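One structure below.
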Number of protein chains: 2
Amino acid sequence: MINIEKPEETQRTAIQQRTRKAIMDKSARLFRDQGYGSTSLRDIAAATGMKAGSLYYHFSSKEELAEEVLSLGLFHVAERVKEAVEALPETATPVDKIRAAMVGHLTALLEKGDYTSANIRCYNHVPAPIKKRLKADRESYDAFWEGLIQSSVESGLIRPDVDQISLRYALIGMLNWTLEWPATKHGSPEELDSKFFDMVFGNTLAS
Amino acid sequence: MINIEKPEETQRTAIQQRTRKAIMDKSARLFRDQGYGSTSLRDIAAATGMKAGSLYYHFSSKEELAEEVLSLGLFHVAERVKEAVEALPETATPVDKIRAAMVGHLTALLEKGDYTSANIRCYNHVPAPIKKRLKADRESYDAFWEGLIQSSVESGLIRPDVDQISLRYALIGMLNWTLEWPATKHGSPEELDSKFFDMVFGNTLAS
DNA sequence: CCTACCGATCGGTAGG
DNA sequence: CCTACCGATCGGTAGG
């Protein structure tokens, strides 16, 4: 459905995996808060409780670490969205799927905030080779939304005169911008989604 | 109306001002593309056609330069929005003002893309003292939208059950996310606004 | 996973 | 506005 691969897990011991995850958790938060260029490997090492050189036991470069962290951010979003859509009954319309996808997207942003924020905030500032691969993931995720919206139009649920590209970017934009909200104002993904959904689809749906 | 001060212009010769602007133009683009931390003063100097040390003839630090560039980004948005709203006839409703503000916001994003993108993309990654001042500007701009939306609700043009905070962030989010669009898909600010406006306010307006 | 270190580059300054 | 330079810090490596 959404074609975003999870970075392959090569054979590692449980301890190695736990340390790796700790490094990535700290990296995600630091990249999110300070940006890619302003976060040094020494920052990350200190936050994880080790020395800078030791990071190279787990990652071969800053770029590899960043790519894995940022790509995991989008992966989590895609995974939640997939779950939410697949949980729908067979009778679900394409618009039902859009709504479920919105909830899934918001759920991932709230649950895995450090990773998803790091992706959204650092995507543009990461070295070109990483950005290229992250871009492919984004396009795959975009294509999924494109399909949902197109199906909605084809089945007569969304007015045919609606600009599908604008609708897609508007939805993704308002969803992603929730990361810039004061954290206290969110409410649950379902509450937030119901507000967004009513806002947009009250008029966009054919009557 | 919107209380965002333009950085004061101390007395400078015409040539100094032109060089300053050249430095800021290049900085805006580099900050936007590479991020604050990954953009060195040597990058900026090279792009402007001078040596790194010479920048200190115009700016006393990287932080000062960044603050001026980023704050100008939001200033331009506020200025365009102000113009657009003030150009309305006296009979204009609060919702008319929202629509005009949307056009103004989009116009600024398209016209001054380097500055506005640099603000949006680097805001979170800039040193704390700068961020604090930029945050005050954002809050002032936010308050302006809050007022427009509240007036719209009070005059019965927007349904009273609409969550005003969600509406405000949703609007700003979809507007700002246009910076992430492939550039070719924009169309004019007016075209884009008409799509966004219809999308949101078809249902949000009281019937 | 640490110590100790490499060359490169950083923001910034002195002196002209 | 440039040359020449400062101490600090960067990503990364060797050897254990």
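Below, chains carry the letters A, B, ... as their sequence lines are ordered, and counting in each starts from 1. Predicted model, so just to flag it, every value in this text is computed and none were measured. Keep in mind that the numbers below use all heavy atoms, side chains included, and drop hydrogens, waters and symmetry copies.
Between the side chains of Ser60(A) and Glu64(A), a donor-acceptor pair is found at a separation under 3.5 Å.
For Arg18(A), the side-chain contact (heavy atoms from CB on, under 4.5 Å) partners are Ile15(A), not counting sequence neighbours. Residues satisfying the salt bridge (charged side-chain N to carboxylate O under 4.0 Å, His left out) criterion with Lys112(B), sequence neighbours excluded, are absent altogether. Residues satisfying the ring-ring contact (aromatic ring centres under 6.0 Å, His included) test with His105(A), not counting sequence neighbours, are Tyr141(A). Take Arg32(B) and apply the salt bridge (charged side-chain N to carboxylate O under 4.0 Å, His left out) test, not counting sequence neighbours, and it matches Asp114(B). Among residues two or more places apart in sequence or in another chain, the salt bridge (charged side-chain N to carboxylate O under 4.0 Å, His left out) test is passed with Asp142(A) by Arg168(A). Under the salt bridge (charged side-chain N to carboxylate O under 4.0 Å, His left out) criterion, Asp25(B) pairs with Lys21(B), not counting sequence neighbours.
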Nucleotide-level pairing of DNA chain C, given in dot-bracket where Watson-Crick and G-U pairs need both distances under 3.5 Å and | marks other strands: ||||||||||||||||

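Near-neighbour residues of DNA chain C inside residues 41-56 of chain B, defined by a heavy atom below 4.0 Å, number-ordered: Leu41(B), Arg42(B), Gly53(B), Tyr56(B).
Residue pairs satisfying the salt bridge (Lys or Arg N to Asp or Glu O under 4.0 Å) criterion with at least one member in residues 116-125 of chain A, sequence neighbours excluded, are listed as follows: Arg121(A)-Glu180(A). Judged as a side-chain hydrogen bond (donor to acceptor under 3.5 Å, both in side chains), the pairs with a partner in residues 50-59 of chain B (not counting sequence neighbours) are, in order, Gln16(B)-Tyr57(B). Applying the ring pair (Phe, Tyr, Trp, His ring centres under 6.0 Å) test to every pair with at least one member in residues 35-54 of chain B, sequence neighbours left out, gives these pairs: Phe31(B)-Tyr36(B).
Counting any heavy atom pair closer than 4.0 Å across all strands shown, Thr39(B) reaches sugar-phosphate atoms only and no base atom.
Counting 5' to 3', DNA chain C first comes under 4.0 angstrom of a heavy atom of chain B and last does so at the ends given by dC10(C) to dT13(C).
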